[in-house]
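Below, chains carry the letters A, B, ... as their sequence lines are ordered, and counting in each starts from 1. Quick note: numbers below take in every heavy atom, side chains included, and nothing from hydrogens, waters or symmetry partners. Model, not experiment: these values are computed from the prediction.
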Amino acid sequence: MKTNIKLLLLIAAFLMTLVSIRPVMAQDTTPAVSDDQVNEVAQDLYCPVCENTPLDVCPTKACTQWRELIREKIALGWSEQQIKQYFAEQYGGQVLAVPPRRGLNWIVYVLPPLVVLGAVFLAVNIVKRSRKPVKSQTEDSSLPSSAAPGTVLDQIEKDLQKEE
Amino acid sequence: MNSPVENQPSSAPDKRRFPWLVAVISSLLLISLLVIMGLWMKQSKITALEIGAEVPDFTVTSFEGDTFQKSALEGKLILVNFWSSWCASCDEEGDALEEVWQEVKSSGDIVFIGVNYVDTEKDSLAFIEKYGLTYPNGPDLGSKISHIFKVQAVPETYIIGRDGTLAAVKIGAFESTDEIRTLLEQTGQE
């Protein structure tokens, strides 16, 4: 009798353990995704409905749905790049904070460095020009003192020799 | 004797002119690029389709996988309704559109197409099920169709005439089923 009770208790304990393990297994297959993880992706995406609002701070219902979609994709193991590509395909390239490098988008990448380079080039030239007049004055004044007097003296010497 | 001294002034002005030439050229380049960008943005954002204008060809693939191409539907009256599950006023309109669709679908002369605007598939399907929409509905992949019609907000409805031109535009939700019927009658007679 006692052995039967012990056996029943053992079976009950085993079943209880199984029941308690099941939710843990369920959690393992669908890992919880934190808001920080979602926002890390969402901050690089823009709401196309409300202009100039990043997805991580956008308060609309549409943005809430999209953040939930990001959460689902992360839980499925999608990378940040894959999620961004999915959003661009679904809603268009304008949802990306960093526009894709194609077509007229290249202007965004090429123009600022060109403007900076041009500005640097101009600044360097302006500085050079502001220094040049000082240099040329000294060069001009040095020419007659070093070269011209020499040649003049030679000429005078030659003239004197002729006269002699 | 004087050649080194004489050559100096003649070469100096050329050197001085060079930075200004570069400045003018780069400024012109910058201005042209900004003008191009401005024109591109203006064309892509603001210019809306006008009534009577030819509607460019587009294709909607429904959530069920059926394809509807505008050019293949020529000769029929096409009602294109842009909606979203997150749009509050789309709810009532969905009911009204479905009611009218039930009345006209048997004629085979009128086609209703729901275009799901910047929405998630899960929420869109839940919306379709909730309001029992039976006319074809599909996502606007890449926002290409809404870009053609220059959709600013939802709901917006466009009726394409039998000749493929834009026949009518309704910005905002339809207030009643009668409003939809009247619009279809008016555009169908043209």
Query raised in the report: So which part of A:Val115 gets closer than 4.5 Å to some heavy atom of chain B, the side chain, the backbone, both or neither?
Result: side chain
**Report entry** Side chain, backbone, both or neither of A:Gln90 within contact of chain B (heavy atoms, under 4.5 Å)
**Finding:** both
Query raised in the report: Measuring heavy-atom distances to chain A, does B:Lys144 have an atom under 4.5 Å in its side chain, in its backbone, in both, or in neither?
Result: neither
Query raised in the report: Between A:Cys63 and A:Cys50, is the SG-SG gap less than 2.5 Å?
Result: no
Report task. State the OG-OH distance between B:Ser146 and A:Tyr91, to the nearest 0.5 angstrom. Result -> 12.0 Å
Query - Proximity breakdown for B:Ser85 and chain A, heavy-atom pairs closer than 4.5 Å - result: both
Requested in this report: Applying side-chain contact (heavy atoms from CB on, under 4.5 Å), run through A:Leu111 and B:Leu33 and close with a yes or a no.
Outcome: CA-CA 8 Å; A:Leu111 201 58; B:Leu33 279 169; 3.1 Å; yes
Query raised in the report: Checking B:Leu30 against chain A: side chain, backbone, both or neither under 4.5 Å from a heavy atom?
Result: side chain
**Report entry** Region of B:Asp140 that comes under 4.5 Å of a non-hydrogen atom in chain A
**Finding:** backbone
Query raised in the report: Looking at B:Val154, B:Leu29, B:Val118, which one has more heavy-atom pairs under 4.5 Å with chain A than the rest?
Result: B:Val118
Requested in this report: Could you tell me whether the side chains of A:Asp36 and A:Ser34 share a donor-acceptor contact shorter than 3.5 Å?
Outcome: no
Report task. Would you check if there is a donor-acceptor pair between the side chains of A:Gln161 and A:Glu157 at a distance under 3.5 Å? Result -> no
Query - Stacked cation flag A:Lys73 on A:Trp78, 6.0 angstrom / 45 deg - result: yes
